[in-house]
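FYI, the numbering just counts along the sequence from 1.
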Amino acid sequence: MERPIKTIVTWIFILVVLFTFKITEGQDLSNGNLHLTTSKLDKIEKLMQGKIQDNSLASVEYILANKHGIIDHKAIGYLNLDDRDTLKKRSLFRIYCTAHPFKVAATLLLVDRGLLSIDDPLSKYIPAYKNMKVLSDDSTQKPVPAKREITIYDLLTGQSGIGTNPDFFKKHGIYRDSSLKHDVLKIAEMPLQKQPGEGFQYGTSLNVLTYLIELISETPYHEFLRNNLLLPLEMYDTDFFIPTEKTHRFGSMYTYDRKDKKLNLYEDWKNSVFIKEPVVYHGNAHIISTPSDYLNFAKMMLNNGMFHGKKILSPKYIEMMITNHLPDSIIGSNWHVRDKGWGMGGWVDKNGRYGKTGGDNISLFWLDKKNELIGIIFHNTGGNYSIFNDFMDEVYKLD
């Protein structure tokens, strides 16, 4: 009789575990004031299926998770429209500037290790930034001396004044096949668009940080990122190009024509720059990932710098990343901060959520510390500007 009793007990245990898992997965996954019910998750899935059916989206993969694990994970649509390849989980997506938080985290790793101070002037490491000129606020746009030096803090928060001058960049081959060192030193010859600390400029500050990471670590940026952040976070599918053995998981990119309500091919995966190793690793926006990989990075942030019991970053630096650093006078001065503040590498909205979009609205991640929620949504259709707002609205909508 002993063996049958043990068998019964074992089956009772298995049924209890399965029943508990089903409740955890679907019935009421509340975090603070947020209620994620089975009904709400069904509505989110139907919303995404509707966008596939009405031809405004080729495919989408999204994850909702909290500190306990994944709440919902769906892959819907087609990897490639021509052959109707069904999108599967762990497909590879272009994420572009959604990788900016990686640069910030890499910089803060150096700060955490005592190799860099946030208050240091940039010229301490790159002397070319010692005596910067700034375009005057009046109509003459005459270069005038900067009131103070650019600091590492300014670079991290987008307040360095370094802007983007397309004509200057084109003339000097910046972000082409030139080296990262060449680009950063040439950018130093450009006058700043704003006085340091007096305005927000998107993007270029973080590219200067990329070179700074290389200088201090004495390691190419892509290697430093891989060895110090991506591998410790088990982000094995996040890289600057796709090796041949993974190309079957990579799809073409489309654009949504709102007038004709159809999808047009933008980049065939076979001709994509992402399937070739870069000539020069700029660390700009040339990066691919999966929602599952990005979830590991987001989990580390939600857990105050810890991942699977290992410290990646100190909690105070996570807090710096997700806290708004812009005064009210700057918010609204740039379309990137039209209705949001800015932390380090990403926006901070009025509800305190930190996040970052990439490309032509094809990737989004956000972190909601109040509700202990992570949201990640990647897709391959540029020009569908409503999808992220629709997704977040549905997540936070009251049932």
Assess whether a salt bridge exists between [X] and [Y], defined as any Lys/Arg side-chain N lying under 4.0 Å from an Asp/Glu carboxylate O.
X	Y	value
E319	K316	no
E394	K43	no
E198	K147	yes
D239	K246	no
D390	K51	yes
D72	K74	yes
D85	R249	no
K270	D268	yes

Within the supplied structure, the quantity of interest is the number of heavy atoms (other residues, nucleotides, ligands) at a distance under 6.0 Å from [X] [atom1]; does it exceed 12?
X	atom1	answer
E277	CD	yes
K299	NZ	yes
D82	CG	no
D137	CG	no
K142	NZ	no
Y266	OH	no
D328	CG	no

Is there a path from [X] to [Y] through hydrophobic residues (I, L, V, M, F, W, Y) whose side chains come within less than 4.5 Å of each other?
X	Y	value
L135	I330	no
M235	M306	no
Y62	Y385	no
V348	I118	yes

On a heavy-atom basis, which atom in [X] and which in [Y] lie closest, and how many Å separate them?
X	Y	answer
S56	D54	OG-OD1, 2.7 Å
F102	L229	O-CD2, 4.0 Å
L212	I152	CD2-CD1, 3.5 Å
I242	T247	CG2-N, 3.9 Å
F365	A298	CE1-CB, 3.7 Å
L364	T98	N-OG1, 4.4 Å

Is the backbone N or O of [Y] less than 3.5 Å from a side-chain atom of [X], with the two atoms forming a donor-acceptor pair by type?
X	Y	value
K40	H35	yes
N228	F224	yes
H325	M320	yes
N227	E223	yes
T290	D293	yes
K133	A146	no
D260	K262	no
D154	T157	no
Q201	I162	no

Any residue meeting ring-ring contact (aromatic ring centres under 6.0 Å, His included) with Y211, in chain and number order, not counting sequence neighbours | none
For K171 and N165, test the side chains for any donor-to-acceptor distance below 3.5 angstrom and give the result as yes or no.
-> no
Can you say whether the rings of [X] and [Y] are parallel (under 30°), tilted (30 to 60°) or perpendicular (over 60°)?
X	Y	result
H222	F240	perpendicular
F200	W342	tilted
F297	Y294	perpendicular

Out of T86, N380, N80, which residue meets the side-chain hydrogen bond (donor to acceptor under 3.5 Å, both in side chains) rule with S59?
-> N380
If you round to the nearest 0.5 Å, how far is CD1 of I387 from OG1 of T381?
-> 7.5 Å
One should read off an interatomic distance between Y129 OH and I187 CD1, to the nearest 0.5 angstrom, of 5.0 Å
Would you mind telling me which of Y254, F391, F388 makes a ring-ring contact (aromatic ring centres under 6.0 Å, His included) with H379?
-> F388
Would you mind listing the cluster partners of Y236? Hydrophobic ones only (ILVMFWY), side-chain contacts under 4.5 Å, chaining allowed.
-> L231
Salt bridge (Lys or Arg N to Asp or Glu O under 4.0 Å) between K397 and D393, intermediate numbers included = CA-CA 6 Å; K397 187 182 293 181; D393 286 348; over 6 Å; no
Measure from NZ or CZ of R353 to the centre of the six-membered ring of Y396, then state whether that distance is under 6.0 Å and the direction lies within 45° of the axis.
-> yes
Looking at L209, L225, N207, which hits side-chain contact (heavy atoms from CB on, under 4.5 Å) with K103?
-> N207
Show me the side-chain donor-acceptor pairs of residues 88-95 shorter than 3.5 Å, one per line, residues at least two apart or across chains.
residue: K89; atom: NZ; partner: H73; partner atom: O; Å: 3.2
residue: R90; atom: NH2; partner: D237; partner atom: OD2; Å: 3.1
residue: S91; atom: OG; partner: K88; partner atom: O; Å: 2.6
residue: R94; atom: NE; partner: E267; partner atom: OE1; Å: 2.9
residue: R94; atom: NH1; partner: G251; partner atom: O; Å: 3.1
residue: R94; atom: NH2; partner: G251; partner atom: O; Å: 3.0
residue: R94; atom: NH2; partner: E267; partner atom: OE1; Å: 2.8

State, with a plain yes or no, whether a side-chain heavy atom of M253 is found less than 4.5 Å away from one of W269.
-> no
For side-chain contact (heavy atoms from CB on, under 4.5 Å), just list the numbers for L108 and M321, CA-CA rounded to whole Å, side-chain angles, deciding distance to a tenth of an Å, and then say yes or no.
-> CA-CA 9 Å; L108 293 175; M321 285 185 70; 3.5 Å; yes
Could you walk me through whether V104 and L206 pass the side-chain contact (heavy atoms from CB on, under 4.5 Å) check?
-> CA-CA 8 Å; V104 169; L206 292 183; 3.9 Å; yes
